[in-house]
Number of protein chains: 2
Amino acid sequence: MKKKIKKTSLADIAKALGVSKTLVSMVLNDKGNENGINADTQKRVWAKARELDYKPNMMARSLRMGRSNTIGLIVADISNIFYARLCRAVEDAASKHSYHVLFSSSDENADKERKLIQTLRERQADGLIISTTLEEKDVDKLHEQNVPFVLVDRFIPNSKTPFVTADNYGGSLALTEHLIKIGIEKIALFTISPSHLTSITERARGYKDALLKHNLPFHPELIREIPYDDIKNSVRRELTRLLRPPHSIHGLFVSNNNIAKATLEILEDLRLRIPRDVSLVCFDDIDMFRHTDPPITAVAQPVERMGQKAVEILLDKLKNGKKARKKDQIFLKTKVIPRRSCGSFLRKS
Amino acid sequence: MKKKIKKTSLADIAKALGVSKTLVSMVLNDKGNENGINADTQKRVWAKARELDYKPNMMARSLRMGRSNTIGLIVADISNIFYARLCRAVEDAASKHSYHVLFSSSDENADKERKLIQTLRERQADGLIISTTLEEKDVDKLHEQNVPFVLVDRFIPNSKTPFVTADNYGGSLALTEHLIKIGIEKIALFTISPSHLTSITERARGYKDALLKHNLPFHPELIREIPYDDIKNSVRRELTRLLRPPHSIHGLFVSNNNIAKATLEILEDLRLRIPRDVSLVCFDDIDMFRHTDPPITAVAQPVERMGQKAVEILLDKLKNGKKARKKDQIFLKTKVIPRRSCGSFLRKS
DNA sequence: ATCTCTTTCTAAAACGTTTAAGCGCGATTG
DNA sequence: CAATCGCGCTTAAACGTTTTAGAAAGAGAT
């Protein structure tokens, strides 16, 4: 019925040529010379391999060699442009070293993430790159299971875990100061849950320190947490509340591009204009912020470098054992990109 | 030195319990009952497995079973929001059937794509989903090698190859008509190379037929091909040329979101405004088109369904053999989303 | 005639699974 | 009391590699 066409294996080539599998394997791995295989025999092997359209079976090879040349990558959501870029960077960097990448989206869900880690390990990923939503103790457990891994975008404070992240604190400080310098002082901050993520706490810390630095009052109730899975409704609720007394904010700092999108949408619904009714800044710049109405001031992260660095560190760990090194904890510089979403006048009056 | 901690295998559990690997395997695969394994023994196996933190080695399993539960997915560029969404959809659909996805970006480069296909096959992907840039004969070759695969976004005309694509023709026809109805008649089309892709040729065909349908002149020289790897410069060149006599276009139809972005940028550079100086419409809607200045009229594609359907068809092929069926060639409905980038007045005068 | 050294190649084990075939034994049947 | 059956389990092969250890054969040395 359904004719199962067997793929050609080393054994097939060996049999066809009347030599051993060993020989064929050596030749096709370019170890023919170092094993003193006759040049002519080598040619015959190559020819036959081509003739039979031989393709090595990586599963068998990995099984035997105990390594798969695969990296597992876990991000919150690969359809978010930030992670999509990160994935691409990781893919490119990995493929330079002939590694492949197994992507997965965790949706910021710790359970799902744990399962994904498990699966990736079952699939014998040699190492993991994770934009983790886990807490310290989970990550410690990962260490015990001695899986080589590197965190991206977020990190675990006071831990030896290697990571590559943007300078979320510095970026947020600068971004908030940008608002303050323009004269905007009542600034709310929309963070995203789960809120223990350092990418988020650090942004909040930067925001707070900027206020303090400029002797402005810090009101904890101006920091609002937007749940990852209900962004639009939360933004609507918080925004309408904050824009009227007693808060009457003048500026809004949103912690990621998804919240920014929702904010634009809600403001439009409410017939409110940026920056007339509120100034907006966003952590994480995306292309289209240049073309929105108005263009949005944002902090740009070096996403591509982030991916590259993470791969670099991971592969280094894979090669040279896994002693933690200080220089494997990396903060990348960010950059404020001023655009027109902040007005340019003092509005305290 | 670097202590290699062996992972626990079936054999370890078997030895610890004084039973055979077979038994352990059966129990852990939930085939204990159907193989009449004593309930108590089953419990002991599970307990020991947990105790030793057993994780099955999927490489070994795949090797033995001849299938990896992995789907290979090749797109042009995973950092393009369209493909990122597609990837996410494929990931979700696949994981529902406990398949994993191995993504790769081909950069619209046929050679790279061929290599990726090869690699994915070496890695024993059970099937492939490809947004292909290959030509018919390459795809035929793939068939011969009897790899199950499904094309997405693009298809091969007059071929039995299964595919899932948006109705590029219908969408483009409608989008062009949208312009025409507003009174815009001199419309240029920016396609993207490589231009043999049906996703592109179909869009051109829709554009042309819309003109003919409304008895408007069709000028082939108004169709400009923008190379994938040099979008910005080409757009600048073509745009400046087309906006002045003798062409003096009033409308511009761009074939994907990347070209739209570049167009927005260039127009800004040139101090030109949409729709005052030119009307703009885009095939493929992205979130941010709602918030650009002005919001951009676009054709939305059901990307998520596209991914789902592709997975569905592929998995069906994997299960039920590979006879080509008519209903495995799918065109998905698109939808014009009118926004303010087209003006709303007759401008022929 | 034996020993040793190259050169070229091979046998067999190992990686961790799944699966086809079948074994030992007590209970049931005729 | 022999034959049969079912239960609970095992043996061994197989998947396609890589790798370790060593073999066959001819050449040169003694």
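Numbers restart at 1 for each chain; the letters A, B, ... are given by sequence-line order, proteins then strands.
The base of dT18(D) sits within donor-acceptor range of the side chain of Arg64(A), with an N or O pair under 3.5 Å. Contact annotation: side chain of Thr22(B) to base of dT19(C), donor-acceptor pair present below 3.5 Å. A donor N or O paired with an acceptor N or O is found under 3.5 Å between the base of dT17(C) and the side-chain atoms of Lys21(B).
By the 4.0 Å N-to-carboxylate-O rule, Glu34(B) lies too far from Lys31(B) to be salt-bridged with it.
Val139(A) has its side chain out of reach of Ser159(A): every pair of non-hydrogen atoms, C-beta onward, lies at least 4.5 Å apart.
Within the structure, a side-chain polar atom (N or O) of Asn29(B) is placed less than 4.0 Å from OP1 or OP2 of dT18(C). Side-chain N/O atoms of Ser25(B) include one lying less than 4.0 angstrom from OP1 or OP2 on dT18(C). Here Lys55(A) does not reach the OP1 or OP2 of dG16(D): none of its side-chain N or O atoms lies under 4.0 Å away. For Asn38(B) and dC9(D), the shortest distance from a side-chain N or O to OP1 or OP2 is not below 4.0 Å.
Residue Thr41(B) is in sugar-phosphate contact alone, with no base atom involved, counting any heavy-atom pair closer than 4.0 Å across all strands shown. Contacts of Gly32(B) with the nucleic acid, taken as non-hydrogen atoms under 4.0 Å apart, are absent. Across all strands shown, Ser9(A) has heavy atoms under 4.0 Å from sugar-phosphate atoms exclusively, and none from any base.
To the nearest angstrom, C1' of dT17(D) lies 13 Å from CE of Met59(A). One atom, CG of Asn57(B), and another, P of dA14(C), lie 17 Å apart when rounded to the nearest Å. Across the protein-nucleic acid pair, Leu23(B) atom CG and dG22(C) atom C1' stand 15 Å apart, rounded to whole Å. Spacing between atom CD of Gln124(B) and atom P of dG16(C) amounts to 19 Å, rounded to whole angstrom units. Counting to the nearest Å, the P atom of dT8(C) and the CZ atom of Arg44(A) are 13 Å from each other. Taking atom CG of residue Asn33(A) and atom P of nucleotide dT6(C), one finds them 19 Å apart after rounding to whole Å. The interatomic distance linking Glu34(B) (CD) with dT18(C) (P) rounds to 13 Å, in whole Å.
Of the candidate nucleotides dT18(D), dT17(D), dC9(C), dT18(D) has the atom nearest to the side chain of Met65(A). With dT17(C), dC9(C), dT17(D) as the candidates, the nucleotide lying closest to the side chain of Tyr54(A) is dT17(D). Residue Ala60(A) places its side chain closer to dG16(D) than to any other of dG16(D), dT19(D), dT10(D).
Here the straight-line distance linking atom CG of Leu10(A) with atom CZ of Arg61(A) works out to 9.0 Å at 0.5 Å rounding.
Ring geometry, Phe149(B) versus His143(B): the interplanar angle falls from 30° to 60°, so the pair is classed tilted.
The two residues Ile78(A) and Val75(A) make their nearest non-hydrogen contact at N-CG2, 3.9 Å.
Place Arg61(A) and Met26(B) on DNA chain D by their nearest nucleotides, and Met26(B) ends up nearer the 5' end.
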